[in-house]
Participant: 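First, the structure itself, so that you have it in front of you.
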Amino acid sequence: MNYKLFIKQHRHEWKQLEELLTTIHKKKHSPDTIEAFQRLYQKTAQHLSYSQTYFPDDEVTLYLNDLVSKAHNTLYQDRVSNVKQLKHFFGRTFIGIFVEQWKFVLVAMFLFLLGGTAAFLAVLQDPMNVYSVLPESMAQGFDPERLGEKDGAVDSSMMSVQIMTNNIRVAFLAFAGGITFGILTVYVLIYNGVIVGAIAAMFMHAGKSYEFWAYIVPHGIIELTAIFIAGGAGLLTGYKLFVPGHLSRIIQLKEQAYRSVILLIGTLPMFVIAGLIEGFITPAAISLEAKYAVAFITLIGLAIYISIGQYRRQKDLQVNNRSVFR
């Protein structure tokens, strides 16, 4: 069976399974609905097996893999508490999609670094270029000589809330920019890189690089990782709108929007942690070495979190595969 014929013959069954998933999630189902759901789930699992064998690199295999996973989880899920659901989401679901879409997260990081490097080199060559790169009010708001003079004298609670709000706004813009075919996402990532790069060059000119990065990296590691993930989600949506493959743009938008929203939601605790660090630890009257130590701890913690999530995800996939093909 060729690719197009395979999709044409079974598309209506996949659509029915999607509709039944929605019905079951709304708790509006009868025993007949459950029976039909089980039947379609089993058939779709067989279609997935066929697709993995003959069309392993095509869009339909990714689509069916997601559909079978959702159906399997719905069919066999236990009634768990909200705490367990949150644990499963952040410990498995979010990490799973993050690992699958890591290339887009890497592209988001590259765009940020591209803007940052260009601005850094421009301001490093001539400090007056900062007024061409940044708005005048922002350029005048940073004075390397005054770095750290307000340590311990700020309203940390208010600062933390403001920082979290701003960072989440940036992440949402990067995420929502996907609907513009990723153009807005690219702009947000590059522009935020430009800001960091220009300011870093200003502090280097003043001989304050060590001090500057001590105030940036404690919260920056988690904060930038979250922004890259949100940006990757936007780029993913934009890419699928540009290159829909064998599926329609509507189906691609529906499927990728689901994945992108999960990525965005998964970053929210990261922004909370980054905001708390930036509000309470960054301006604290502690040594620069202590601030670098905090940065190192956040980096290790982030690596452990992703590694454990990936390990659990692999175990779940093994269990699901045994269940599907039993």
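Atoms considered below: every heavy atom in the structure, side chains included; atoms not considered: hydrogens, waters and symmetry mates.
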Participant: Using atom types as modelled and distance alone, determine if a side-chain donor or acceptor of Thr53 lies under 3.5 Å from a backbone N or O of Ser49.
Facilitator: yes
Participant: Can you tell me how the ring of Tyr41 sits relative to the ring of Phe37, calling it parallel under 30°, perpendicular over 60° and tilted otherwise?
Facilitator: parallel
Participant: Could you tell me the separation between the OG1 atom of Thr225 and the CD1 atom of Ile306, rounded to the nearest 0.5 Å?
Facilitator: 7.0 Å
Participant: Trp14 vs His47 aromatic rings, parallel, tilted or perpendicular, using cut-offs 30° and 60°?
Facilitator: perpendicular
Participant: Mind checking the NZ-CD1 spacing from Lys4 to Ile7? Nearest 0.5 Å is all I need.
Facilitator: 9.5 Å
Participant: If every non-hydrogen atom of Phe271 is compared with every non-hydrogen atom of Glu223, which pair is closest and at what distance?
Facilitator: CE2-O, 4.0 Å
Participant: Can Leu134 and Ile199 be said to form a side chain to side chain contact (heavy atoms under 4.5 Å, CB included), step by step?
Facilitator: CA-CA 9 Å; Leu134 301 179; Ile199 297 172; 4.2 Å; yes
Participant: Please state whether the rings of Tyr187 and Tyr191 are parallel, tilted or perpendicular, taking 30° and 60° as the class boundaries.
Facilitator: parallel
Participant: Who pairs with Glu289 by side-chain hydrogen bond (donor to acceptor under 3.5 Å, both in side chains), at least two apart in sequence or on another chain?
Facilitator: Tyr210
Participant: If you measure from CD1 on Ile95 to CZ on Phe89, what distance do you get to the nearest 0.5 Å?
Facilitator: 10.0 Å
Participant: Drop me the distance from Leu235's CG to Tyr239's OH, to the nearest 0.5 angstrom.
Facilitator: 12.0 Å
Participant: For the atom pair CG (Leu111) and CD1 (Ile190), what is the distance rounded to the nearest 0.5 Å?
Facilitator: 5.0 Å
Participant: Any side-chain to backbone donor/acceptor pair from Lys70 onto Leu21? Under 3.5 Å, distance only.
Facilitator: no
Participant: Applying ring-ring contact (aromatic ring centres under 6.0 Å, His included) as the test, list every pair that has at least one member in residues 112-132; sequence neighbours left out.
Facilitator: Phe112-Phe228
Participant: Check the pair Leu263 / Phe94 against side chain to side chain contact (heavy atoms under 4.5 Å, CB included), numbers first and verdict last.
Facilitator: CA-CA 6 Å; Leu263 287 176; Phe94 166 65; 4.1 Å; yes
Participant: Which atom pair, heavy atoms only, marks the closest approach of Thr185 to Gly231?
Facilitator: CG2-O, 3.4 Å
Participant: Is it true that, when you exclude Tyr305 itself, more than 12 heavy atoms of the residues, nucleotides or ligands shown sit nearer than 6.0 Å to its OH?
Facilitator: yes
Participant: Might you point out which heavy atoms bring Phe90 and Gly266 nearest each other, and give the distance in Å?
Facilitator: CE2-CA, 3.7 Å
Participant: Rounded to the nearest 0.5 Å, what's the gap from CE on Met109 to CG on Leu189? Could you check?
Facilitator: 11.5 Å
Participant: Testing Val186, Thr237, Leu241 for side-chain contact (heavy atoms from CB on, under 4.5 Å) with Phe181, which one passes?
Facilitator: Leu241
Participant: Evaluate the criterion side chain to side chain contact (heavy atoms under 4.5 Å, CB included) for residue pair Val272 and Leu268; output intermediate values, then yes/no.
Facilitator: CA-CA 6 Å; Val272 171; Leu268 295 182; 5.6 Å; no
Participant: Measuring centre to centre across the rings, with the benzene-like ring taken for any Trp, is Tyr50 within less than 6.0 Å of Tyr54?
Facilitator: yes
Participant: In this structure, which one of Val105, Leu224, Leu264 forms a side-chain contact (heavy atoms from CB on, under 4.5 Å) with Ile229?
Facilitator: Val105
Participant: For Ser260 and Leu236, work out which heavy atoms get closest and say how close.
Facilitator: OG-CD2, 4.2 Å
Participant: Looking at residues at least two apart in the chain, or sitting in another chain, which of them share a side-chain contact (heavy atoms from CB on, under 4.5 Å) with Val170?
Facilitator: Asn166, Val188, Asn192, Ile227
Participant: Salt-bridged, Lys240 to Glu59, with N to O below 4.0 Å?
Facilitator: yes
Participant: At their closest point, which heavy atom of Val196 faces which heavy atom of Trp213, and how far apart are they?
Facilitator: CG1-CH2, 4.3 Å
Participant: Can you confirm whether Ile304 sits close enough to Ile308 that some side-chain heavy atom of one is under 4.5 Å from a side-chain heavy atom of the other?
Facilitator: yes
Participant: Looking only at non-hydrogen atoms, find the nearest pair between Leu184 and Leu173 and report the distance.
Facilitator: CD2-O, 4.1 Å
Participant: Heavy-atom count around Tyr292 OH within 6.0 Å, excluding the residue itself: above 12?
Facilitator: yes
